[in-house]
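The first residue in the sequence is number 1, and the count goes up from there.
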Amino acid sequence: MKIQTYYNHIRFYTPHHFIYYPILILLLASSIYLAVTTEDHLIWAFISVAFVFLFALAYMLRQHYALTLQNRIVRLEMRYRYFTLTGKRFEEFEYKLTDDQIFALRFAPDNELVPLVEDTLKNSLTGDAIKKAIVHWKADYHRV
């Protein structure tokens with residue numbers, strides 16, 4: 001695998017992003033075209049609506065289940081790492097951080113984590129600003 005950085009940390013799932021969705025979009029476009037151009041408007045309109053529901057359902061389920069679990073794991077990881085490094089509980093101020101901030105902090109290596117947490121609390125850094133402030137990126141090759 002390539003070394004992960006801020007610029008390449010987004011990950012795609014090929015079967016989902018580059019096969020399923022393109023095929024579904026093609027089928028949806030075709031059914032809309034047929035609903036407009038043929039005499040069987042009603043059946044093709046119904047088929048179009050079905051494809052829209054399939055598209056929305058696939059997106060929502062895939063994202064929702066994986067990201068909900070991953071978010072919980074990241075929070076536990078951050079609590080453990082912070083406690084290991086400082087002997088203090090992360091939960092004492094975790095409520096002051098947004099999800100975006102917590103999820104960005106996970107890319108910081110141990111020697112940069114505590115100062116970045118303090119800077120984030122002091123200056124309300126955004127998740128993107130936190131990621132850009134990381135000098136030595138701690139890659140996560142196993143995330144969804």
Side-chain angles (χ1 to χ4, degrees), residues 1-85 89-110 112-144:
M1 285 188 132
K2 262 189 341 187
I3 292 179
Q4 193 179 80
T5 66
Y6 170 76
Y7 298 101
N8 69 359
H9 75 285
I10 295 174
R11 187 171 176 186
F12 293 103
Y13 181 55
T14 301
H16 196 81
H17 290 103
F18 301 112
I19 297 171
Y20 179 76
Y21 279 143
I23 289 172
L24 194 55
I25 289 169
L26 181 65
L27 291 171
L28 176 61
S30 299
S31 64
I32 291 171
Y33 174 77
L34 291 169
V36 173
T37 60
T38 66
E39 291 185 23
D40 297 326
H41 301 295
L42 191 57
I43 188 71
W44 285 110
F46 177 75
I47 292 170
S48 297
V49 169
F51 283 133
V52 168
F53 280 121
L54 283 174
F55 192 94
L57 182 65
Y59 181 77
M60 288 186 303
L61 289 177
R62 178 191 165 273
Q63 295 297 101
H64 177 71
Y65 294 143
L67 293 179
T68 299
L69 178 59
Q70 181 172 294
N71 292 349
R72 292 183 69 185
I73 292 168
V74 168
R75 286 181 181 285
L76 290 171
E77 173 193 350
M78 290 303 299
R79 290 172 183 168
Y80 175 76
R81 285 181 65 207
Y82 190 81
F83 182 78
T84 301
L85 294 170
R89 295 179 60 99
F90 190 72
E91 297 94 314
E92 292 176 9
F93 57 83
E94 181 179 359
Y95 68 93
K96 296 178 182 178
L97 299 171
T98 65
D99 289 345
D100 192 41
Q101 291 169 319
I102 293 171
F103 303 152
L105 285 166
R106 73 190 297 228
F107 293 109
D110 290 346
E112 295 178 38
L113 179 63
V114 176
L116 263 175
V117 168
E118 292 168 359
D119 194 24
T120 300
L121 289 169
K122 183 179 173 186
N123 299 315
S124 298
L125 299 176
T126 65
D128 198 51
I130 293 168
K131 289 178 184 179
K132 288 178 179 176
I134 296 171
V135 178
H136 297 93
W137 192 268
K138 181 182 173 290
D140 179 5
Y141 296 106
H142 302 288
R143 64 194 181 91
V144 176

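Closest heavy-atom contact between Asp40 and Ile43: O-CG2, 3.3 Å. Shortest non-hydrogen contact noted between Met78 and Ile102 is CG-CG2, 3.9 Å. Of all heavy-atom pairs spanning Thr98 and Gln101, the tightest one is N-OE1, 2.7 Å. Residues Ile134 and Ala104 approach most closely at CD1-O, 3.9 Å, considering heavy atoms. Counting all heavy atoms, side chain and backbone alike, Asp128 lies closest to Asp100 at N-OD2, 4.3 Å.
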I would like to know whether Phe90 and Phe83 meet ring pair (Phe, Tyr, Trp, His ring centres under 6.0 Å); could you show each step before the answer? CA-CA 7 Å; Phe90 190 72; Phe83 182 78; over 10 Å; no
Could you go step by step and tell me if Phe93 and Leu97 meet the side-chain contact (heavy atoms from CB on, under 4.5 Å) rule? CA-CA 7 Å; Phe93 57 83; Leu97 299 171; 4.2 Å; yes
Apply the test side-chain contact (heavy atoms from CB on, under 4.5 Å) to residues Ile130 and Thr126: give CA-CA distance (whole Å), side-chain angles for both, the deciding distance (0.1 Å), then the verdict. CA-CA 6 Å; Ile130 293 168; Thr126 65; over 6 Å; no
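When atom types are taken as modelled, the side chain of Asp140 and the backbone of His142 share a donor-acceptor pair closer than 3.5 angstrom. In this structure a side-chain-to-backbone donor-acceptor pair under 3.5 Å is missing from Tyr6 to Trp137. Checking side-chain atoms of Ser31 against main-chain N and O of Leu28 turns up a donor-acceptor pair under 3.5 Å. Without hydrogens or angle criteria, Asn71 side chain to Leu67 main chain gives a donor-acceptor distance under 3.5 Å.
Inter-residue side-chain proximity for Arg81 and Lys138 is flagged as met; some heavy-atom pair is nearer than 4.5 Å. Under the 4.5 Å side-chain criterion, counting only non-hydrogen atoms from C-beta, Asp110 is not in contact with Tyr82. Between Tyr59 and Tyr21, some side-chain heavy-atom pair lies under the 4.5 Å cut-off. Residues Gln4 and Phe107 are in side-chain contact: their nearest non-hydrogen atoms beyond the backbone lie under 4.5 Å apart. Looking only at side-chain heavy atoms (C-beta outward), Glu112 and Val135 come within less than 4.5 Å of each other. Leu54 places a side-chain heavy atom less than 4.5 Å from the side chain of Tyr20. With contacts defined as side-chain heavy-atom distances shorter than 4.5 Å, the pair Ile32/Trp44 does not qualify. Looking at Phe55 and Ile25, their side chains come closer than 4.5 Å, going by heavy atoms from C-beta outward.
Interatomic distance, OG of Ser30 versus CZ of Phe51, reported as 8.5 Å (0.5 Å rounding). Interatomic distance, OG1 of Thr14 versus CD1 of Ile19, reported as 7.0 Å (0.5 Å rounding). Interatomic distance, Leu27 CG to Ile47 CD1, rounded to the nearest 0.5 Å: 10.0 Å. A distance of 13.0 Å separates OG1 in Thr120 from NZ in Lys96, rounded to the nearest 0.5 Å. Atoms NE2 and CD, on His41 and Glu39 in that order, are 7.0 Å from each other to the nearest 0.5 Å. With rounding to the nearest 0.5 Å, the separation of CG in Leu105 from CG in Leu125 is 8.5 Å.
Side chains of Thr5 and Asn8: a donor on one and an acceptor on the other come within 3.5 Å.
Other residues, nucleotides and ligands place more than 12 heavy atoms under 6.0 Å from the CG atom of Leu57. Other residues, nucleotides and ligands contribute more than 12 heavy atoms inside 6.0 Å of the CZ atom of Phe18.
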